[in-house]
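For clarity, every value in this text was computed on a predicted model and none was experimentally measured. Within every chain, numbering begins at 1; the chains are lettered A, B, ... in the order of the sequence lines, protein sequences first and strands thereafter.
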Protein chains: 2
Amino acid sequence: MSLTNASPEAAARAAKAASFALASLPAADRNAALETVHRALAAARDDILAANARDLELARKAAADGALSEALVSRLDLGKTGKWEDMLQGILDVRDLEDPVGKIQMRTKLDDDLILERVSCPIGVLLIIFEARPEVIANIASLAIKSGNAAILKGGRESTESFVAISTVISSALERTAIPNAAIQLVTTRDSVAQLLAQDRHIDLVIPRGSNELVRYIKESTKIPVLGHADGICTIYLTATADPRGAVDAVVDAKTSYPAACNSVETLLVQDTALLTVFPDVAAALAANGVALRCDPASKAIISNIPGASIRDATAADFDTEFLSLTLAVKTVSTLDEAIAHINTHGSHHTDAILTSDAADAERFMNQVDSAGAYWNASTRVADGMRYGFGTEVGISTNKIHARGPVGLEGLTIYKYKVRGNYQATAGYGNGDGKTPWKHEKMSF
Amino acid sequence: MSLTNASPEAAARAAKAASFALASLPAADRNAALETVHRALAAARDDILAANARDLELARKAAADGALSEALVSRLDLGKTGKWEDMLQGILDVRDLEDPVGKIQMRTKLDDDLILERVSCPIGVLLIIFEARPEVIANIASLAIKSGNAAILKGGRESTESFVAISTVISSALERTAIPNAAIQLVTTRDSVAQLLAQDRHIDLVIPRGSNELVRYIKESTKIPVLGHADGICTIYLTATADPRGAVDAVVDAKTSYPAACNSVETLLVQDTALLTVFPDVAAALAANGVALRCDPASKAIISNIPGASIRDATAADFDTEFLSLTLAVKTVSTLDEAIAHINTHGSHHTDAILTSDAADAERFMNQVDSAGAYWNASTRVADGMRYGFGTEVGISTNKIHARGPVGLEGLTIYKYKVRGNYQATAGYGNGDGKTPWKHEKMSF
């Protein structure tokens, strides 16, 4: 690992060269490197927290001047209860995950002594761009090492001191391991993001970890594939056959358990025949939990008498908005098709749910809603790598290729084909006269 | 299916809307549609071949004027022995492939009555851009229908008459099937490629079928993921421990069995200690098969006395060239590392092979060569979807994400997560006091 002031192009080229050697390191070496990093960070706790305190001090001043949000300051703070311990434990958790590299996915006998194998392997070079959270450095460096990928890490300005402190420790720790030196590059120069995003010859995948604005900027600014999502406009479609109590539980959970999360619900579609049955209790429960409702006329008319509720008319823009707060847009629809069309047009293809007792409708909803997650009678907040049981989460992707939804370590791998033969000439194979047919026998693995 | 003169944006939007309904069509409907298309094309044979003859006449004139290559004229000809029959049989072959949609890839019990499933599904909307081969229309329309993807097809100018004739038949055939009308759009307007490539909101994947120049132009011109490869600079590394007869067989096959194919070898790396042992017979066999050799000084010195051979000095550019003809660049290297570094720097990450008796070297080569195919003692020409046993080939990808190497139907799918629950609130789950732990039990499927 090296803290580099090299040009982005040189850093990317060096990372690529290192990635080839890294690709054949056995799991034991990669896991040992994670333990070395863990020990080194634990030993350097006081220095790192002191550096973090310096970042925090500057950030608090900027926040007082209104130049920085309080939320960002809060994300910056490594000293918050449990954060440091979680960061360290996360490294060991990643070590303990199943090795994603070298998994045989297919084995076919093309002919005697001519065996085709599909094997998982690292993607190559990752570019990780993150904003305030300094613990992401340790997390993402662990994921890269575990999956055998080289990585270039570029941190945000606000966390520079923390970034340098953590990086220096990881860097000197890795020098005592089998990980090639240039495999993890830390770019500290200020204005290099645009140049890094131009290195599509050397960088294979960009993973942004930060605000919607950061992700959107990156998606607009590079030809390299980006793993992530800009928006999380999740929708729940409440039908007349939904269980009344269950609907309250699921919708309140989806809106209020962590409103700033990307998997929180932002739009509630209500079947017209549910307006007078299931909907009023759901609306009352939301209002009781402090949720402000932005309603279309039909839904507003039904619930205007809820005491103490914040209810106002929805604008068209509300149905394209990720509120990230205790606000919910409500719209009435007549049919399942209308609900699906609304979600596919206004949603962000992240996670959407239908609440219904009708199994056929539920299956059609799950098949036709074009989202990473399509749920039946479940809270959209289930959409999370830890909750799915992946052990870690690289991010949540709304891409249509490679990896979709919560992405675990597997999303940092691709596969290659290996063929082990005995010098056979392909010209002799085929279906014609005197040709040898391919055997194409599936083999166990 | 519709032959459209709509704007590229309107065509793409319509295809996207149709894709949602298409995504839930059962396999029986998709297969029945393929049979309907097959019957309709068979019945329209004479009309289509007459249209193709008109394209051919214009193309032959253009070729006589030097405006078009003879190779292109040859690719255009649907009347060549077996081509028409192969095209029709191809549709039935695609029908008989395993359904790639709706495959359950993972099932996890998150809790009682809260089941997570990962299910394969269509990607959405494909944009297929092809040049001269008119049979690609039937082939790629079949693949799209089979995999439940909407598709926009844009043909080359030279095949316009054939394109319109085939398209009209497929179009009216599909009207009698369950496939939504706008699911397959045929764009015949001239200059719409650039506008189609700008429809990244509606189009999910571009598949170019044509020359390196076409693929390179498309990769440079769109933010939509492109499935394919521009170059096929495949390399064989001949070591001193290779079987002498086997090396002749494999190298001659890789160079001469179909020199214009992307999986043909273009560079031969020779271990220095093999120059006087295995290499001379390989060089003589290549020369005897009409292969012109472009050699570095060390290899040239060894074989300058082969009678009748075409041998000249290699230029630096020769090692970055896809000859697509009976020409081979030859370079001497000292070590496995040098061979791997050459391939990763000068190759096109398509398919590369090592010929050796040393298993450890072979494994390291296969792990460290950053290519879709890394072979041991096999001809690079094994790299092919039919030869791999995929039943069809969408293309060969040198991408590092999603699909790599020969791509079968699976490459036209992604997955989504379905959760079937009982209205559980996520806030009640976790590891703290009074929380319900996630079960994360793997279930059979």
Side-chain angles (χ1 to χ4, degrees), chain A residues 19-21 23-24 108 110 114 116 121 123-124 204-205 223 225 243 245-247 249-250 252-253 257 340 344 355 364 366-368 370-379 381-383 387-389 400-402 404-405 414-427 429 438 440, chain B residues 19-21 23-24 108 110 114 116 121 123-124 204-205 223 225 243 245-247 249-250 252-253 257 340 344 355 364 366-368 370-379 381-383 387-389 400-402 404-405 414-427 429 438 440:
Chain A
S19 74
F20 305 135
S24 60
T108 308
L110 304 182
L114 188 63
L116 171 73
C121 61
I123 288 178
D204 300 299
L205 187 64
K223 297 181 67 68
D243 176 71
R245 248 194 70 181
D249 291 346
V252 169
D253 181 77
S257 60
I340 292 170
N344 285 339
L355 307 183
R364 189 149 77 86
M366 288 191 283
N367 284 330
Q368 297 197 7
D370 182 28
S371 296
Y375 293 0
W376 178 19
N377 295 346
S379 166
R381 295 222 54 244
V382 174
R387 291 173 173 190
Y388 278 12
K400 297 296 286 288
I401 63 165
H402 188 62
R404 195 179 192 198
I414 180 69
Y415 53 79
K416 60 168 53 169
Y417 289 96
K418 297 181 179 177
V419 170
R420 296 177 176 88
N422 189 24
Y423 303 97
Q424 293 92 337
T426 60
Y429 290 88
W438 298 99
H440 292 157
Chain B
S19 75
F20 304 136
S24 60
T108 307
L110 304 183
L114 188 62
L116 171 73
C121 61
I123 288 179
D204 300 299
L205 187 65
K223 297 182 69 69
D243 177 71
R245 248 193 71 180
D249 291 347
V252 169
D253 180 79
S257 60
I340 292 170
N344 285 339
L355 308 183
R364 189 148 77 86
M366 289 191 283
N367 284 329
Q368 297 197 7
D370 183 28
S371 296
Y375 293 0
W376 178 19
N377 295 346
S379 165
R381 294 221 55 244
V382 174
R387 291 173 172 191
Y388 276 14
K400 297 296 287 290
I401 64 165
H402 188 61
R404 196 179 191 198
I414 181 68
Y415 52 79
K416 61 168 52 169
Y417 289 97
K418 297 181 179 177
V419 170
R420 296 177 176 89
N422 190 24
Y423 304 97
Q424 293 92 338
T426 60
Y429 290 88
W438 298 99
H440 291 157

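Ranking A:A250, A:A23, A:G405, A:G124 against chain B, the residue ahead of the rest is A:A250, based on heavy-atom pairs under 4.5 Å. Looking only at heavy-atom pairs under 4.5 Å with chain B, the residue among A:L205, A:D370, A:V252 that has the most is A:D370. Per-residue heavy-atom pair counts under 4.5 Å with chain A were compared for B:L116, B:D249, B:N422, and the maximum is reached by B:L116. Ranking B:A427, B:A378, B:A425 against chain A, the residue ahead of the rest is B:A425, based on heavy-atom pairs under 4.5 Å. In terms of heavy-atom pairs under 4.5 Å with chain B, the best-connected choice from A:Q424, A:K418, A:R245, A:R364 is A:K418. Among the candidates A:N344, A:N377, A:N367, A:V382, the residue making the largest number of heavy-atom pairs closer than 4.5 Å to chain B is A:N377.
Annotation for A:K416 and B:S371: closest pair CB-O, 3.6 Å, computed over non-hydrogen atoms. Residues A:Y415 and A:C121 share a closest heavy-atom pair of C-SG, 3.8 Å.
Neither the backbone nor the side chain of B:S19 comes within contact range of chain A; no heavy atoms are under 4.5 Å apart. Both the backbone and the side chain of B:D243 come within contact range of chain A, with heavy atoms under 4.5 Å apart. Proximity to chain A is limited to the backbone of B:A372, based on heavy atoms less than 4.5 angstrom apart. For B:K400, the parts lying under 4.5 angstrom from a heavy atom of chain A are both the backbone and the side chain. Interface residue B:L114: only side-chain heavy atoms are found under 4.5 Å from chain A. Of the atoms belonging to B:H440, it is side-chain heavy atoms, and not backbone ones, that fall under 4.5 Å from chain A.
Looking at A:S379 and A:D253, their side chains do bring a donor and an acceptor atom within 3.5 Å of each other.
Under the 4.5 Å side-chain criterion, counting only non-hydrogen atoms from C-beta, B:Y388 is not in contact with A:T108. For the pair A:R387/B:L110, no side-chain contact is recorded, criterion being any heavy-atom separation below 4.5 Å from C-beta on. Residues A:R420 and B:M366 have side chains in contact (heavy-atom distance under 4.5 Å, counting atoms from C-beta outward). B:I123 places a side-chain heavy atom less than 4.5 Å from the side chain of A:I401.
We find the OH-CG distance between B:Y375 and B:L355 to be 13.0 Å, quoted to the nearest 0.5 Å.
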